[in-house]
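Numbers here are sequence positions counted from 1. These numbers were taken from a predicted model, which means no experiment stands behind them. We count ligands from 1, going down the list as the structure has it; atoms in each ligand are counted the same way. Below, each value reflects all heavy atoms present in this structure, side chains not excepted, and no hydrogens, waters or symmetry copies.
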Amino acid sequence: MKTRWYKDAVVYQIYPRSFCDGNGDGVGDIRGIISKLDYIKSLGVDAVWLSPVYKSPNDDNGYDISDYRDIMDEFGTLDDWKEMIAGMHERGIRLVMDLVVNHTSDEHAWFVESRNKDSEYRDYYIWRRGRGKDGKKPPNNWTSNFTGPAWEYDEESGEWYLHLFSKKQPDLNWENPKVRQEVADICNYWFDLGVDGFRCDVITYISKKDGLPNGKPAFLLVGYEQYAVGPRYHEYIHELNERSFSRYDSMTVGESIGITPDNAFDAIDESVGELDSVFSFDHMSVDFRLNVLPKRFDLVKFKKVLDRWQQLPKTCQPTVFLENHDQPRCLPRFVGDYKDKRELAGMSLAAAILFLRATPYIYQGQEIGMTNCNFAVEDYKDIMSVNALATVKKVAPILMPYAKKVLLKRARDHARTPMQWTDGDNAGFSTAEPWMKVNPNFKDINVKDSEAREDSLLNFYRKAISYRKGKDVVISGDFSLVRPKHKDVFAYVREFKGQRLLVIANFKNKRVKFKLPNDFAFESSKLALANYKDAQDLQNNLLLREYEALVYEIK
Ligand code: NOJ
């Protein structure tokens, strides 16, 4: 029976490599997570989304899986994992695992077998003859999301295999019914071990266009759209839902490039039996052109994009997030130069997202306001950054200074610096040198310090999460923006059976006038949450302080 528990849930994302190192080898692991379960519980979150912990050669930090039924050595053992999930469940926290099934690792036994043309596993992947007389040109012009062609030539069999990510991440052939059954079996294996759901990695890529036609020439990362939501996507997910998801009280969230508010109904409505929700990235491209090149953040557009998801029927559950392991940190991305007001700015962002009709996802470190890191070229570890730098160096070295500038804003590495627990050695993340640079600001920004201050961002998150819990007006109230065109303030009303909640968040490091619309009527108001101590009662004309966030219950 589906309880749809995710409608009243806040999810905390853990990127295990960077969360906490339990065995002193410099790499985060499952025992490290176990040691922090009380901390996670203290946030008031309902579920954890755990980035991949399966066996993997780590070409893409676990998003290249070589065994779907076992745990990566660096992260521990299946017994550790069982102890971790039991510890979560004891604390009332559900576990959402990452399901990476658009591709496997090239070290997965299926792919190793598949290199042999006569193997029954050949058809588990997408092998094609090349173009040209000698077949030495890739079968089509598709590019990988990590730069370069999406095809790799295999000398032995004289054919090419498709990889929409690195060449160590060959794409599975979902046209093959055996592959689809394998995926359902993997999901059921983990459900039977107790997991509560899956975050489905690049799931809209699974169905490729018939005949694999050439796409629009790709520039940078704009290969995306041409692979997304292929002809049999819905059929495959529906089938997976029948064989697996629907049999458990589960929650699924797809990383779903190509699903927009216009076609979301067909993908996530409760009536369609596919996924329960998706991550959209439209609000993440408000400050990046082509997903990569920085441009000025536009709050009006940001609100508009989120509003479109809010207006979907109540049987479609939106999600909201400001960070994940693929995005730079949200400070100062959406709030400009916060100077000495980092935590106030973080609170304004938190207030803006936590009361939307959505399942909010909070990424590790966001709750203490971790920031981007001032990396030198040699600090980058992510395959995407490393490849991008190598390509620019080779193809257009003159653009290197620009590339460096872009990475300082855009690299996925910013989210992957070790979690800052204390002001001690290695930020309390590990007793050994961490696999990745620790952000030097850990002396000031860390959990220990945040715990010690009642007015910290961390404690604001706790208050806000606890306040929203179980409130019908948050779970299912109607949503409307207040002054959608205001370029500094994100304000909205939620309304459910006569209960109303008004959220006002100043996104700027300056005092801002905010006038309620003339037809905005209220008899009384009660302040429910604020990030300044002496917050004012609601009035028609407000003068908001820097990053001031106010949540009122109104009648
Ligand atoms: C999306 C994941 O979030 C990202 O980290 C990964 O590199 C790609 N999918 C490939 O699996």
Side-chain angles (χ1 to χ4, degrees), residues 11 13-19 28 48-66 68 72 96-108 111 125-126 142-148 150 152 162-172 174 183 186 198-206 208 220-225 227-229 252-259 275 277-281 284-285 288 291-292 319 321-329 361 363-364 380-388 407 410-417 435-436:
V11 185
Q13 186 193 349
I14 294 182
Y15 192 68
R17 229 182 162 67
S18 306
F19 188 63
V48 162
W49 153 24
L50 182 61
S51 279
V53 289
Y54 315 94
K55 279 227 173 345
S56 162
N58 278 315
D59 193 49
D60 184 18
N61 285 356
Y63 282 91
D64 47 322
I65 297 170
S66 54
Y68 286 95
M72 186 189 301
V96 175
M97 295 275 277
D98 219 305
L99 181 70
V100 188
V101 287
N102 172 68
H103 45 269
T104 69
S105 162
D106 66 338
E107 296 181 33
H108 192 290
F111 190 75
Y125 295 87
I126 302 173
W142 292 6
T143 48
S144 135
N145 286 286
F146 291 158
T147 69
E152 183 70 8
L162 180 71
H163 59 90
L164 295 184
F165 293 87
S166 94
K167 63 181 179 195
K168 285 186 67 63
Q169 293 167 295
D171 278 52
L172 280 165
W174 277 67
V183 172
I186 290 166
F198 287 104
R199 173 268 186 186
C200 309
D201 188 71
V202 287
I203 198 69
T204 46
Y205 284 10
I206 56 175
K208 278 44 177 192
L220 295 169
L221 294 188
V222 224
Y224 284 156
E225 298 305 325
Y227 318 132
V229 201
T252 48
V253 53
E255 189 195 21
S256 300
I257 296 116
I259 306 284
L275 297 177
S277 56
V278 291
F279 290 130
S280 149
F281 293 90
M284 290 281 125
S285 39
F288 285 109
N291 194 28
V292 189
T319 64
F321 65 95
L322 295 175
E323 294 186 3
N324 65 30
H325 64 291
D326 293 333
Q327 299 288 332
R329 293 290 182 174
Y361 287 72
Y363 180 69
Q364 65 185 45
Y380 290 107
K381 292 280 183 294
D382 175 29
I383 181 170
M384 203 164 180
S385 316
V386 171
N387 282 3
L407 284 183
R410 181 63 190 89
R412 308 197 297 182
D413 304 71
H414 295 294
R416 301 177 182 190
T417 59
W435 70 280
M436 162 124 204

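- Scanning Leu164, Asp60, Asp59 for the heavy atom closest to atom 6 (C) of ligand 1 points to Asp60.
- Short contacts between ligand 1 and Glu255, defined as distances under 4.0 Å to a heavy atom of the residue, involve ligand atoms 1 (C), 3 (O), 9 (N).
- Using the six-membered ring where Trp is involved, Phe279 and Phe321 have ring planes that are perpendicular, over 60° apart on the 30 and 60° scheme.
- At a heavy-atom distance under 4.0 Å, only side-chain atoms of His103, from C-beta outward, approach ligand 1.
- Nearest non-hydrogen protein atom to atom 1 (C) of ligand 1 is Asp201 OD1, 2.9 Å.
- In terms of protein heavy-atom proximity, atom 5 (O) of ligand 1 is closest to Asp326 OD1, 2.8 Å.
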### Task
Start with the C-alpha gap between Arg412 and Asp382, add the side-chain angles, then the distance that decides, and say whether salt bridge (charged side-chain N to carboxylate O under 4.0 Å, His left out) holds.
CA-CA 7 Å; Arg412 308 197 297 182; Asp382 175 29; 2.6 Å; yes
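- Below 30°, between 30° and 60°, or above 60°: for Tyr15 and Tyr363 the angle between ring planes is between 30° and 60°, a tilted geometry.
- The two residues Asp98 and Asp201 make their nearest non-hydrogen contact at OD1-CB, 3.9 Å.
- A ring-centre distance under 6.0 Å is found for His325 and Tyr63.
- By the criterion of a heavy-atom distance under 4.0 Å, the side chain of Arg199, and not its backbone, is placed next to ligand 1.
- Tyr68 and Thr104 are not linked by any side-chain donor-acceptor pair at a separation below 3.5 angstrom, with hydrogens and angles left out of the test.
- Those atoms of ligand 1 that come under 4.0 Å of a heavy atom in Arg412, given as number and element, are 4 (C), 5 (O), 6 (C), 7 (O).
- At a heavy-atom cutoff of 4.0 Å, ligand 1 is contacted by the side chain of Phe146 but not by its backbone.
- Summary of contacts: the protein heavy atom closest to atom 8 (C) of ligand 1 is Phe165 CE2, 3.7 Å.
- A donor and an acceptor atom, one from each side chain of Ser385 and Asp413, are located under 3.5 Å apart.
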